[in-house]
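Structure, as structure tokens:
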Amino acid sequence: MDFRQEIVKALAARTGLTEDQIDVWLEIPPQSHMGDFAFPCFRLAKTMRKAPPMIAAELADVLEAADYIERTETAGGYLNFFVRRSAYIAGQVKNALTAGSSLGSSDQGEGKTVIVEFSSPNIAKPFHVGHAFTTILGNSLSRIYKHLGYEVIRMNHLGDYGTQFGKLIAAWNLWGDETALEAHPINELLRIYVKFHDEAKNAPELELQARDHFRRLENGESFEKGLWQKFRDLSLKEFNLVYERLGVEFDNFNGESFYSNQIPEVIEELKSKKLLVESEGAQVVMLDEYDLPPCIILKSDGTTIYASRDIAAVLYRDKTYNFHKNIYVVGTPQALHFKQVFSVLEKAGFEKSKDCVHVGFGLVKFPDRKLSTRSGDVILLEDLLNESVDKTYEIIRSNSELRQTDIPEQEMREIAEKIGLAAIMFTFQKNSRERDIVFAWEDMLDFEGDSAPYVLYTYARAHSILRKAVSAGYISSVDELPDDQILDKLVSDDEFALAKLLDTFGNAVERAAAANEPYMLLRQVINLARAFNRYYHNESILKTEEVELRRARLAVLQAVCTAIRTGLELLGIQAVERM
Ligand code: ARG
């Protein structure tokens with residue numbers, strides 16, 4: 001039984017308000033002595049034309065009659081109510097166990113398509129930590145929307161077009177090394193690109209060559225097209241290694257180049273609406289009424305730019321997917337760019353520009369930059385992942401020596417890989433995305449703090465208790481379902497606290513989607529882990545004498561495992577059963 005839903009229904013029936021409205025107002029008080037749920041009656045004073053305490057008294061009668069409510073209290077304009085504890089706990093545990101990995105899912109998004117564009121690195125450039133941020137956030141958002149029933153299209157808008165490809169082709173002609181390219185494509189492409197910039201300072205004709213190559217590329221000349229394709233394929237191969245390691249997938253890699261031949265339609269559209277004006281030889285759309293600088297559509301030499309390709313992309317996405325939302329997970333420095341793109345579309349009468357959302361994020365900072373980097377100033381994601389995994393391995397190895405757990409070397413390496421990656425993913429999602437991230441290994445790998453190792457360790461511990469229960473013959477498998485009636489035995493404060501977290505799990509998923517903030521779900525997972533550890537500290541689960549109570553407590557463990565595993569999964573993190 002979904003208590004919240006029942007309460008919402010009862011209040012809606014009595015007040016005549018919609019269930020959605022009641023649901024928004026229904027609160028969970030900060031302290032448990034104030035009730036399990038609280039309804040602010042002063043919100044109704046106007047519509048019901050009564051003083052809040054009177055409304056509270058009337059509503060109290062309705063709820064007192066319901067058998068799932070133990071008692072109600074009025075305080076100020078609030079109606080506080082206490083649910084019948086054992087029924088509540090049993091209901092939540094049962095719900096989590098039957099839901100399994102679909103805990104917290106819903107059909108909110110049925111029939112709606114959400115496009116999540118994320119990662120979008122640039123061909124021939126290293127995959128740095130900024131791209132890690134979008135990759136990790138975008139991956140989680142896609143999973144979260146999917147959980148809520150949306151059709152999700154994961155798009156990787158590769159930076160695979162633009163004048164820099166002219167430079168790359170010119171540089172390749174002069175200094176390219178085929179063997180080096182095969183071995184480490186991005187290194188080699190970066191090398192010649194950097195060299196191009198150095199040399200071009202004293203040889204301006206290089207810039208002319210580059211521009212010429214780009215124009216030929218736009219015209220589809222086979223020499224340029226061939227090289228471009230090769231650079232793209234090789235870069236993507238390297239990016240795919242990172243995606244595979246992180247468990248990230250895409251539905252398509254329609255990068256900037258994909259839209260370049262759709263620009264003429266954009267131009268036509270803007271022309272027909274009389275929005276294109278000439279400015280210093282370029283074709284632009286003025287955005288004064290939005291307080292924005294003009295958006296350049298075509299450069300003075302007639303070539304397209306980043307913004308024009310993005311405008312074409314929005315139109316293509318709408319035609320192809322009829323999106324409900326079109327989300328861009330891209331760093332905050334590009335906020336102006338997206339405002340311009342969406343405003344041009346709005347000005348052109350494209351109504352769904354309001355369903356295009358830029359989901360920005362902050363910077364990544366390293367207080368102790370002892371991280372070894374291979375390419376100058378940028379920090380490569382690969383190096384960061386390796387460092388995290390190495391450090392994790394050291395911790396696990398010394399723990400294992402201390403506790404004499406004898407985990408085989410190979411398994412220790414595998415666990416370190418999972419936890420090391422999890423620590424990085426966790427860090428990127430721990431706080432509101434617009435905040436800058438400060439990487440501090442002591443915090444990230446702190447087995448006691450709000451960290452991935454802490455949550456994973458909690459999960460592994462809960463799971464090991466279940467395995468022990470199987471060995472002892474208390475349950476036949478770790479996911480065997482209990483008999484419903486024994487769940488009524490659960491009444492303790494700790495069990496109640498855990499039940500509430502199971503109850504609000506779905507709400508955390510919904511909030512994370514509504515604000516495009518995975519941290520809102522991550523906090524729920526941390527709270528579950530903390531509440532479980534308190535429970536485990538206070539109750540001896542396996543040593544519980546009474547058979548039914550012991551079985552009921554194991555069910556709580558099963559439910560908590562389900563919730564933590566599902567939450568982590570939605571955050572792109574794989575739980576580990578042993579560590
Ligand atoms: N490739 C760009 C970069 O690395 C990000 C692309 C963002 N997406 C877009 N539709 N403009 O900065």
Side-chain angles (χ1 to χ4, degrees), residues 114-139 141-142 153-165 167-168 186 189-190 193 228 231-232 235-236 238-240 242-243 248 250-260 262-263 266 292 295-297 304-321 323 325-345 350 352-353 355-364 375 377-382 428 433-434 516:
V114 170
I115 293 176
V116 183
E117 187 217 282
F118 64 107
S119 198
S120 312
N122 300 318
I123 294 302
K125 297 266 179 67
F127 200 107
H128 59 75
V129 292
H131 289 120
F133 210 152
T134 145
T135 306
I136 289 164
L137 276 181
N139 180 43
L141 289 175
S142 328
I153 307 289
R154 302 147 172 251
M155 294 194 111
N156 193 325
H157 190 81
L158 285 180
D160 61 359
Y161 218 60
T163 42
Q164 71 271 27
F165 286 92
K167 295 180 186 171
L168 218 45
I186 294 182
L189 293 172
L190 191 66
Y193 191 69
W228 168 84
F231 297 160
R232 188 184 192 275
S235 302
L236 199 50
E238 266 199 67
F239 296 152
N240 275 330
V242 175
Y243 295 141
V248 172
F250 293 93
D251 293 301
N252 70 61
F253 290 85
N254 291 348
E256 290 184 47
S257 66
F258 182 82
Y259 303 100
S260 76
Q262 300 170 31
I263 306 286
V266 174
L292 295 172
C295 181
I296 301 178
I297 307 294
T304 64
I305 68 160
Y306 188 52
S308 14
R309 294 190 280 274
D310 258 324
I311 295 171
V314 174
L315 299 176
Y316 171 86
R317 288 174 190 186
D318 189 44
K319 252 188 288 173
T320 314
Y321 303 108
F323 60 73
K325 264 201 168 73
N326 176 26
I327 293 174
Y328 296 83
V329 188
V330 182
T332 305
Q334 294 197 34
L336 175 63
H337 162 76
F338 285 108
K339 273 190 199 146
Q340 287 180 298
V341 167
F342 303 158
S343 302
V344 168
L345 285 161
F350 179 73
K352 280 166 114 183
S353 64
D355 303 318
C356 296
V357 196
H358 174 213
V359 170
F361 52 82
L363 301 173
V364 187
S375 59
D377 226 22
V378 290
I379 295 186
L380 302 183
L381 176 59
E382 202 191 337
F428 277 106
R433 58 187 156 74
E434 305 219 351
N516 294 308

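Keep in mind that what you see is a predicted model, and the values were worked out from it rather than measured. Residue numbers start at 1 and run along the sequence shown. Each ligand, and each atom within it, is numbered from 1 in the order the structure gives.
The protein heavy atom nearest to atom 12 (O) of ligand 1 is Gln334 NE2, 3.1 Å. When only non-hydrogen protein atoms are considered, atom 4 (O) of ligand 1 lies nearest to His131 NE2, 2.8 Å. For atom 8 (N) of ligand 1, the closest non-hydrogen atom of the protein is Glu117 OE2, 2.8 Å. Asn122 OD1, 2.6 Å is the protein heavy atom nearest to atom 1 (N) of ligand 1.
In summary, of the residues considered (Ser120, Ser257, Ser235), a side-chain hydrogen bond (donor to acceptor under 3.5 Å, both in side chains) with Asp160 occurs for Ser257 alone.
Taking all heavy atoms of Tyr161, Tyr328, Tyr259, Tyr306 into account, the minimum distance to atom 7 (C) of ligand 1 is reached by Tyr306.
Outside the 6.0 Å centre-distance limit, the rings of Phe231 and Tyr193 are not counted as a close aromatic pair. With ring centers used as reference points, Phe118 lies under 6.0 Å from Phe250.
A 6.0 Å sphere centred on NZ of Lys352 holds more than 12 heavy atoms belonging to other residues, nucleotides or ligands. Within a 6.0 Å sphere centred on CD1 of Ile296, heavy atoms belonging to other residues, nucleotides or ligands number 12 at most.
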